[in-house]
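The next block holds one structure in the form of structure tokens; read it before the comments.
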Amino acid sequence: TSKRGGRGLCRRPCTVIQGVSHAATIYCVTSFAALIQPAWVMGDTTTSAITSPIFVACFWIVFGITLALYFYVCFADTKYCEDMRALNGNQEFEGRRCEDCSPIVTHTRVKHCQSCGICIEGFDHHCRYLNVCVGKHTYTPWFFFVLGLFLVMVSCFWGAEEALRVDREAYYLMEAAPNAFMVAVSLQAMLSALSSLFLISLMGQHLYFICEGMTTLEYVKDQTPLWPGLPPYGWRDAVSSGDCFRCGEALETIEVEDTSEIWFCCICQSDIGRAGIEFFTCESCDNVHVCPVCREIARASGVLATTYRASSLRRRSEVAMGSGREATSSYVSRQASLSSQHEPKKGRSSVVAAMEGHTGDPVRWVTCCSPEAAERQGYDAGIGGDSGEGSSDEGSDDGRSS
């Protein structure tokens, strides 16, 4: 079993968007507690349900639960650990390896996050506001944290609106510095309103994902549930012969013309589209695409398929296609005529990615899920090897890749 890594925030430095979101939340809660609630507790305002001490007590109970969920999500150990028992007696799937941290992956939905530097079990997304990965063990606490934070922000907005509308003279800062009070409470109202709208939209998106049984990653990457998956048993004999392991038809070659197209190797789960390489596909079956690296290791039964980063996959594929050019002569060749069917999803998926975080892959620093993600360092690697070792050669902020 692989060793478990560090925990939550201890692994990563704070980001700008993380600091800004935390500062806005702290400001709203502090302003509500310091400028508005004292008058409510003392009974200086017009009696109403919203300004009662009972409401203040309920607010702090919800805030305490939300804060506890926040610390759990941020500091929970989400690193995937090898579990070879999952493959014992399993005649349906093989294991695969991760290039970066090299565990033997025996479960579906396990993905390496470049920001965290570890493989995450049940990966959903990397939350840019908490700067942690949300996965199998933290998804439910994270969702209820978002719900609790929504209730807190709605309360802060409601309190600010009440303070600006009714009995302004009851608040001590209004008597001492009216302009400062108006500015402070108005800013509280604006920030809490924007946060509330954002949070309710985020919860709506995830309620849809829960009902559909998919993850954010699967939605953004336009993949079927339980992705990333595992290599199916029986693929080696068929692929080494140039045939589809599902229907037995001959595989055809396609060359990626646009790196924004969505193509993934169904064996190693690497991002073929972003790597921009020539690969093999079955015209009759959906999502049966095989990269040149997996075509090469199909003949080596002792070598596990490895999920490579795009840059590594591109370099290794060039070596594989060069060394195996004669062996591929039996494959039917064609251009990427299916590329129009595999364009990245736009609209709601881009909103989701921009709102809640990213897919754990490196991209440029400003945009989310950018197809032109910059590769900041070189990675020297050849074809083959079952260890999948290598240092990260790409940025670690946002983006898409495998």
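We use all heavy atoms of the structure for the numbers below, so side chains are in, but hydrogens, waters and symmetry mates are not.
The closest side-chain donor-acceptor pair between Y219 and H125, if any, does not fall under 3.5 angstrom. Residues Y139 and T78 have side chains that never bring a donor and an acceptor to within less than 3.5 angstrom of each other. Side-chain atoms of R128 and T15 form no donor-acceptor pair, as typed in the model, at a separation below 3.5 Å. D258 and S260 are linked by a side-chain donor-acceptor pair at a separation below 3.5 angstrom, with hydrogens and angles left out of the test.
Taking the six-membered ring where tryptophan is involved, the planes of F279 and W263 are tilted, since the angle between them lies from 30° to 60°.
Put simply, the side chain of Q269 gets close to the backbone of G229: a donor and an acceptor are under 3.5 Å apart. Of the possible donor and acceptor atoms, none in the side chain of E249 sits under 3.5 Å from a partner among the backbone N and O of C282. Distance alone, capped at 3.5 Å, places no donor-acceptor pair between the R274 side chain and the R309 backbone. A donor-acceptor pair under 3.5 Å is absent between the side-chain atoms of Y70 and the main chain of L130, judged by distance alone. For the pair S186 (side chain) and V183 (backbone), a donor-acceptor distance under 3.5 Å is absent. The backbone N or O of Y27 lies less than 3.5 Å from no partner atom in the side chain of S31, so there is not a single donor-acceptor pair. Side-chain atoms of D124 come within 3.5 Å of backbone atoms of T216 as a donor-acceptor pair (strictly under, hydrogens ignored).
Separation of atoms NZ (K221) and CZ (F264) is listed at 4.5 Å; rounding is to 0.5 Å. Taking OG1 of T25 as the reference point, atom CG of L191 lies at 9.0 Å (rounded to 0.5 Å). The SG atom of C244 lies 10.5 Å from the NE2 atom of H289; values are rounded to the nearest 0.5 Å. Note that CG of L202 is 4.0 Å distant from CH2 of W142, once rounded to the nearest 0.5 Å. Here the straight-line distance linking atom CD1 of I120 with atom NZ of K79 works out to 9.5 Å at 0.5 Å rounding.
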Let me see the working for S301 and R236 under side chain to side chain donor-acceptor pair (under 3.5 Å), right down to the final yes or no.
CA-CA 8 Å; S301 59; R236 295 180 184 271; over 6 Å; no
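The pair R165-E162 meets the salt-bridge criterion, since a charged nitrogen lies less than 4.0 angstrom from a carboxylate oxygen. A salt bridge does not link E296 to R316: none of the charged side-chain nitrogens sits closer than 4.0 Å to a carboxylate oxygen.
Closest of all the heavy-atom pairs between Q188 and F32 is OE1-N, 3.4 Å.
Under the 4.5 Å side-chain criterion, counting only non-hydrogen atoms from C-beta, C268 is not in contact with T306. Side-chain contact check for H107 versus R109: every heavy-atom pair is 4.5 Å or farther apart. Between I267 and R96 the shortest side-chain heavy-atom distance does not fall below 4.5 Å. Two residues are said to be in side-chain contact when any heavy atoms from C-beta on lie closer than 4.5 Å; H112 and C119 meet this criterion.
The side-chain contact (heavy atoms from CB on, under 4.5 Å) test with I277 is passed by exactly one of I254, T259, I272: I272.
Residues W60 and F63 place their aromatic rings such that the two centres sit under 6.0 Å apart.
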